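Here is the structure we will look at, set down as structure tokens.
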Amino acid sequence: VDRRNELSSQLSNVNERRQALASDINASTEGPAKTGLEDRIKVLDNRIVQIENDLATTGRQLALVPADLVAFAERDANRLPSSGSEWDEGMAAGAVTMAFFVAAIYGIQRFRNRKKKKRPAQAELASDSTDRLERLERGMEAIAIEIERVSEGQRFVTKLLSESATPMGVSHRIAQPEQQPANSI
């Protein structure tokens with residue numbers, strides 16, 4: 001039924017265009033413009049014949065279908081608009097469901113945060129932890145300063161040893177006793 005309505009609409013549209021071209025032909029003089037308009041009318045005439053054949057075929061097919069089925073199809077076609085409303089309804093239902101879950105998760109997180117804020121013992125622990133962290137930081141700084149002093153001392157000793165004229169081991173060696181030849185008595 002929808003196809004038949006669509007074909008009827010196309011047929012009336014093509015007929016209107018043909019009539020407009022026919023009036024243009026009557027107003028034009030001989031020449032290439034008139035020949036072009038006549039060619040377009042021939043194409044539209046072929047299209048009209050094709051649409052009328054399609055309408056006849058559709059009419060025969062509708063005649064073969066039981067009347068109850070045609071009435072049912074027409075009733076469903078009138079009830080549901082063809083704008084994709086099922087998809088729109090599905091999207092709306094999905095959006096509402098998603099909004100519900102997001103609100104539920106937000107509410108749970110908010111409840112947990114309130115529960116955490118009500119604990120006063122954690123506040124005391126936080127201030128105690130801050131003091132302990134400050135003491136630990138001062139101790140780490142003192143250790144870092146002492147390590148720097150020790151490393152500076154090592155660099156100084158290494159520099160002194162490398163600048164001395166004689167190596168440390170040569171002047172302080174213990175002389176080995178010479179071995180004397182064995183005299184027999």
Side-chain angles (χ1 to χ4, degrees), residues 1-134 136-138 140-141 144:
V1 175
D2 289 336
R3 180 181 169 139
R4 185 175 175 189
N5 292 337
E6 179 64 29
L7 288 172
S8 296
S9 172
Q10 287 180 10
L11 183 61
S12 65
N13 185 7
V14 172
N15 279 329
E16 289 173 8
R17 288 179 19 208
R18 188 186 185 291
Q19 287 174 358
L21 285 175
S23 65
D24 289 346
I25 286 177
N26 292 335
S28 70
T29 60
E30 293 292 327
K34 188 171 184 177
T35 308
L37 291 173
E38 289 172 350
D39 290 341
R40 288 176 63 192
I41 285 183
K42 288 178 188 176
V43 170
L44 287 176
D45 286 341
N46 291 336
R47 179 71 180 133
I48 289 171
V49 169
Q50 181 184 1
I51 292 173
E52 286 178 350
N53 287 336
D54 290 346
L55 268 173
T57 304
T58 304
R60 282 191 297 263
Q61 290 173 349
L62 281 175
L64 296 174
V65 175
D68 295 344
L69 186 59
V70 172
F72 180 75
E74 286 178 349
R75 187 178 66 234
D76 284 348
N78 292 334
R79 189 182 68 189
L80 292 175
S82 61
S83 66
S85 66
E86 291 178 4
W87 190 82
D88 294 341
E89 291 172 0
M91 285 299 293
V96 168
T97 304
M98 183 61 101
F100 173 75
F101 281 119
V102 168
I105 290 172
Y106 176 75
I108 290 170
Q109 288 296 334
R110 192 168 176 193
F111 176 73
R112 286 183 178 174
N113 288 339
R114 282 186 187 171
K115 201 174 184 182
K116 288 179 183 178
K117 288 179 183 178
K118 289 183 180 179
R119 296 181 184 166
Q122 285 185 345
E124 292 175 13
L125 181 62
S127 66
D128 184 39
S129 295
T130 305
D131 294 339
R132 291 176 69 188
L133 286 173
E134 287 177 10
L136 181 63
E137 186 177 332
R138 283 191 298 250
M140 293 296 287
E141 287 175 1

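Throughout, numbering of the chain's residues begins at 1 and tracks the sequence. The structure displayed is predicted, hence computed values, not measured ones.
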Selection residues 52-67 - residue pairs positive for salt bridge (charged side-chain N to carboxylate O under 4.0 Å, His left out), sequence neighbours left out: none
Going by the rule side-chain contact (heavy atoms from CB on, under 4.5 Å), which residues pair with Asn13 if we only count those two or more places apart in sequence or in a different chain? Arg17
Rounded at 0.5 Å granularity, tell me how far CG in Leu37 sits from CG in Leu44. 10.5 Å
Nearest heavy atoms of Leu55 and Ser8, plus distance in Å: CD2-OG, 3.8 Å
What's the separation between atom OG1 in Thr58 and atom CG in Leu7, rounded to the nearest 0.5 Å? 5.0 Å
Which residue pairs satisfy the side chain to side chain donor-acceptor pair (under 3.5 Å) criterion with at least one member in residues 37-51, sequence neighbours excluded? Gln10-Arg47, Arg18-Asp45, Arg47-Gln50
The reported gap from CE in Met98 to CE in Met91 (rounded to nearest 0.5 angstrom) is 10.0 Å
Got a second to check how far Leu136's CG is from Ser129's OG, nearest 0.5 Å? 11.5 Å
Rounded to the nearest 0.5 angstrom, the CG-CD distance for Leu11 and Glu16 is 10.0 Å
